[in-house]
*Asks:* 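Just dropping this structure here.
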Amino acid sequence: MKHFFLTILLISSVFVQAQNSFRSIKLIDIAPKKIKAFKAFVNADNSQITHLIQDKKSLYAYLYDKELNYLDKKIYVDKFKPLLESVSGHTSKENELTLYSRKKDKWEYINLDFNSGYVHDDEFDFELKSQVLLNSFTKEDAHYLVTIKKKSSLIFLYKLSSDGSYSMTEYDFSSTDFSGGRRSIGSFFHLIKASSDLFQTDFITDDLPLSLRSTNEKVKLYIDGSKLYITSDNSRDFTYLLELDIIDGTTNATTIRKKEMLERSAYEDSNSFKLDNHLFIIKTTFKEFDFSIVDLSTLDVIKSFSVLAEDEIDFKNTPIYKEAGEDKSILNSTEDFLKKVTNSKPAVCVFKQNGDWIITLGASKLTNGKREAMAVATILLSGGGINARASAESSNDNAIDKTFLDYSRLKSTQFQLVLDSSFNKKEKDIEKNIFDIIKDYDLNKEQNGIKTLYKIDNTYYYNYLNIDSEQIQVIEFKE
């Protein structure tokens with residue numbers, strides 16, 4: 001067990017200026033060009049914001065109220081070795097912040113107490129040697145790890161607390177048939193190909209706008225109240241939906257049959273997205289595309305849209321766009337659309353806007369744009385998803401982190417459609433959502449620096465640490 005005994009340093013030279021929802025916070029006691037990472041965290045009741053700044057050797061932590069007034073509390077840690085980019089989640093309360101990160105097969109936590117000035121760093125007393133991490137998330141006052149035992153259908157949920165204690169719940173799906181008629185699939189582990197070096201999952205936050213990049217993995221995790229849902233689309237014929245109750249440890253498994261295509265193909269691919277009590281499924285080949293909506297209460301298909309390669313897509317509200325960062329062009333051929341989607345990673349994402357279902361269909365991946373660090377914090381109860389595909393350009397400590405980065409650095413072929421509350425196609429223009437507005441601002445201003453985004457109530461705060469001006473500049477965007 002390691003302890004650091006530190007003194008809270010008082011700072012009187014913080015400069016905060018409000019100008020049309022624009023503020024600047026001057027950097028204190030740190031050389032801007034040596035900064036390696038910058039993160040912002042909002043505590044559970046939205047009352048405080050912690051800025052963490054790391055240079056080559058040290059960590060600086062500053063505490064502000066929700067109006068970004070400095071609270072005269074700072075923690076300085078010399079020779080701080082863990083990288084902020086490795087943080088997978090956080091919990092917080094008044095004057096205290098705890099970070100969680102992975103260290104090979106173990107997990108560690110770092111507790112910063114602004115009242116005493118102490119920093120406590122220790123490891124949790126468990127290892128994941130025989131398990132594969134599916135994902136992690138932060139909910140209320142704990143950080144959760146979701147793992148699967150190798151070569152089995154046993155799923156484990158670890159609940160990590162800020163005092164170093166933890167609990168583990170086992171969920172057994174061994175009685176569920178995941179084979180889909182294939183003898184080689186003997187467990188959920190084998191179905192999702194969790195042993196592969198390319199294995200990745202998506203953690204879905206349904207109250208954020210999403211891009212196809214955030215939803216194109218075959219395995220997805222969702223939080224809805226006390227329920228954790230895991231879906232798998234590794235089978236061409238079935239979507240498997242696993243339900244795990246976080247509180248009472250009960251389980252349920254549902255198998256949803258996908259629509260059969262007119263002609264079987266070795267290039268057939270599919271994916272799905274869960275929202276509320278509905279499953280939105282796409283299926284594609286080079287010759288055919290289908291989009292179906294399933295009621296999970298009855299498993300009935302309540303709406304279906306199909307198109308052949310030689311026909312025009314008559315159920316779209318937008319053109320078919322081919323996007324790569326700032327570049328956007330229109331694709332006129334359904335055949336070309338099917339080629340691009342089938343050769344890539346097909347995906348569907350759904351977002352509710354003013355009572356309508358905004359649905360995006362296609363395929364995507366991350367662009368190879370310039371490298372820039374992106375760190376994000378928010379107080380969403382279902383936030384904090386860590387993703388196995390995280391790069392050096394993306395931190396893992398929160399769901400908005402990956403979501404906005406994916407949204408703003410999207411390479412995709414896609415179109416959108418609008419359905420009303422009864423799932424009937426609706427003729428209307430699609431309004432820009434909050435991420436569209438922030439993305440447009442960022443592109444127009446061409447802001448350089450380490451960027452963060454966090455949310456308090458209905459306001460998003462877009463921050464970037466400007467090394468040239470030696471300031472953190474904050475712009476507010478209201479929903």
*Asks:* Rounded at 0.5 Å granularity, tell me how far CG in L134 sits from CD in Q200.
*Replies:* 13.0 Å
*Asks:* Between the main-chain N or O of Y118 and the side-chain N or O of S116, is there a donor-acceptor pair closer than 3.5 Å?
*Replies:* yes
*Asks:* To the nearest 0.5 Å, what is the distance between CG (L419) and CG (L417)?
*Replies:* 5.0 Å
*Asks:* Heavy-atom distance under 4.5 Å between the side chains of Y321 and I330, does that happen here?
*Replies:* yes
*Asks:* Looking at K439 and E323, does any basic side-chain N land under 4.0 Å from a carboxylate oxygen?
*Replies:* yes
*Asks:* List the steps and the verdict of side-chain contact (heavy atoms from CB on, under 4.5 Å) for L228 and V146.
*Replies:* CA-CA 10 Å; L228 169 64; V146 187; 3.8 Å; yes
*Asks:* Shortest non-hydrogen contact from T98 to S162?
*Replies:* OG1-CB, 3.2 Å
*Asks:* At their closest point, which heavy atom of K220 faces which heavy atom of S272, and how far apart are they?
*Replies:* NZ-O, 3.0 Å
*Asks:* Between the side chains of E96 and N111, is a donor N or O closer than 3.5 angstrom to an acceptor N or O?
*Replies:* yes
*Asks:* Do you know the tightest heavy-atom contact between N317 and K426?
*Replies:* ND2-O, 2.7 Å
*Asks:* Would the distance check show the side chain of D202 and the main-chain N or O of E217 forming a donor-acceptor pair, the cut-off being under 3.5 Å?
*Replies:* yes
*Asks:* Could you check whether F38 and H51 have their ring centres less than 6.0 Å apart?
*Replies:* yes
*Asks:* So, do F273 and I359 sit near enough that their side-chain heavy atoms are less than 4.5 Å apart?
*Replies:* no
*Asks:* Among D113, L59, I110, which residue satisfies the side chain to side chain contact (heavy atoms under 4.5 Å, CB included) criterion with V119?
*Replies:* I110
*Asks:* Is the gap between the ring centers of Y76 and Y60 under 6.0 Å?
*Replies:* yes
*Asks:* Check for a donor-acceptor pair, side chain of D295 on one end and backbone N or O of S297 on the other, with a separation under 3.5 Å.
*Replies:* yes
*Asks:* Could you verify whether a donor N or O on one side chain and an acceptor N or O on the other, from D269 and T284, lie under 3.5 Å apart?
*Replies:* no
*Asks:* Ring centroid separation for F126 and Y158, is it under 6.0 angstrom?
*Replies:* yes
*Asks:* State, with a plain yes or no, whether a side-chain heavy atom of L157 is found less than 4.5 Å away from one of L244.
*Replies:* no
*Asks:* Cationic tip of K274 within the cone over F280's six-membered ring, i.e. under 6.0 Å and within 45° of the normal?
*Replies:* no
*Asks:* For the side chain of S88 and the backbone of Y100, is there at least one donor-acceptor N/O pair under 3.5 Å apart?
*Replies:* yes
*Asks:* For the residue pair G225 and I223, what are the closest heavy atoms and their distance?
*Replies:* O-CG2, 4.0 Å
*Asks:* Please determine whether side-chain contact (heavy atoms from CB on, under 4.5 Å) holds for the pair L241 and L279, giving the CA-CA distance in whole Å, both sets of side-chain angles, and the decisive distance to 0.1 Å.
*Replies:* CA-CA 10 Å; L241 172 63; L279 191 69; over 6 Å; no
*Asks:* Looking at K425 and E427, is there a salt bridge between them, counting it only when a charged N and a carboxylate O are closer than 4.0 Å?
*Replies:* yes
*Asks:* Kindly indicate, with the supporting measurements, whether the criterion side-chain hydrogen bond (donor to acceptor under 3.5 Å, both in side chains) is fulfilled by Q416 and T360.
*Replies:* CA-CA 4 Å; Q416 292 181 296; T360 307; 3.1 Å; yes
*Asks:* Evaluate N424 against S422 for side-chain hydrogen bond (donor to acceptor under 3.5 Å, both in side chains), listing each step before the verdict.
*Replies:* CA-CA 6 Å; N424 297 308; S422 300; 4.6 Å; no
*Asks:* Please give me the minimum heavy-atom distance between Y70 and L63, naming the atom from each residue.
*Replies:* CD1-O, 3.4 Å
*Asks:* Of H120, E123, H90, which is the lone residue that meets side-chain hydrogen bond (donor to acceptor under 3.5 Å, both in side chains) with Y109?
*Replies:* H120
*Asks:* Would you check if I472 and N466 make a side-chain contact, meaning some heavy-atom pair closer than 4.5 Å?
*Replies:* no
*Asks:* Got a salt bridge between K428 and D356, using NZ or NE/NH1/NH2 to carboxylate O under 4.0 Å?
*Replies:* yes
*Asks:* Do F203 and F137 make the cut of ring centroids closer than 6.0 angstrom?
*Replies:* yes
*Asks:* Could you go through L99 and F41, starting from their C-alpha distance and side-chain angles, then the distance that decides it, and tell me whether this counts as side-chain contact (heavy atoms from CB on, under 4.5 Å)?
*Replies:* CA-CA 10 Å; L99 308 175; F41 299 92; 3.7 Å; yes
*Asks:* Check K340 against L331 and note the closest heavy-atom contact, atom names and distance.
*Replies:* CD-CD2, 4.1 Å
*Asks:* Tell me whether the rings of F315 and F305 are parallel (<30°), tilted (30 to 60°) or perpendicular (>60°).
*Replies:* tilted
*Asks:* Do the non-hydrogen side-chain atoms of V294 and I302 ever get within less than 4.5 Å of each other?
*Replies:* no
*Asks:* Check for me whether the distance between the ring centres of W357 and F423 falls short of 6.0 Å.
*Replies:* yes
*Asks:* From Y240 OH over to S232 OG, what is the distance, rounded to the nearest 0.5 angstrom?
*Replies:* 8.0 Å
*Asks:* Centre-to-centre under 6.0 Å for F289 and F337, is that the case here?
*Replies:* yes
*Asks:* Tell me whether N433 contacts the main-chain N or O of P209 through its side chain, where contact means a donor paired with an acceptor under 3.5 Å.
*Replies:* no
*Asks:* Mind checking the CZ-CD spacing from R23 to E476? Nearest 0.5 Å is all I need.
*Replies:* 5.0 Å
*Asks:* Go through the steps to decide whether K478 and T459 satisfy the test side-chain hydrogen bond (donor to acceptor under 3.5 Å, both in side chains), and finish with yes or no.
*Replies:* CA-CA 4 Å; K478 296 185 181 296; T459 302; 3.3 Å; yes
*Asks:* Is there a donor-acceptor contact under 3.5 Å from the side chain of N95 to the main chain of K93?
*Replies:* no
*Asks:* Kindly determine whether T231 and K218 satisfy side-chain contact (heavy atoms from CB on, under 4.5 Å), including the steps that lead there.
*Replies:* CA-CA 8 Å; T231 60; K218 296 291 189 182; over 6 Å; no
*Asks:* Between atom CZ of F415 and atom CD1 of I320, what is the distance when rounded to the nearest 0.5 Å?
*Replies:* 6.5 Å
*Asks:* So do the side chains of S47 and K66 get within less than 4.5 Å of each other, counting heavy atoms only?
*Replies:* no
*Asks:* Main chain of A142, side chain of T91: is a donor-acceptor contact present, judged purely on distance under 3.5 Å?
*Replies:* no
*Asks:* Just by distance, do the side chain of S92 and the backbone of L97 share a donor-acceptor pair under 3.5 Å?
*Replies:* no
*Asks:* Would a line drawn from the ring center of Y222 to the ring center of Y229 be shorter than 6.0 Å?
*Replies:* no
*Asks:* Hey, does I358 have a side-chain heavy atom less than 4.5 Å from the side chain of V350?
*Replies:* no
*Asks:* Closer than 4.0 angstrom, basic N to acidic O: yes or no for K227 and D245?
*Replies:* yes
*Asks:* Roughly how far apart are K345 NZ and S412 OG, rounded to 0.5 Å?
*Replies:* 14.0 Å
*Asks:* Do N43 and D45 get their side chains close enough for a donor-acceptor pair, meaning under 3.5 Å?
*Replies:* yes
*Asks:* Is it the case that K73 places NZ or CZ above or below the six-membered ring of F114, under 6.0 angstrom from the centre and within 45 degrees of the axis?
*Replies:* no
*Asks:* Is there side-chain contact between L68 and I49, with at least one heavy-atom pair below 4.5 Å?
*Replies:* yes
*Asks:* Looking at the rings of F477 and Y441, which for Trp means the six-membered one, are their centres under 6.0 Å apart?
*Replies:* yes
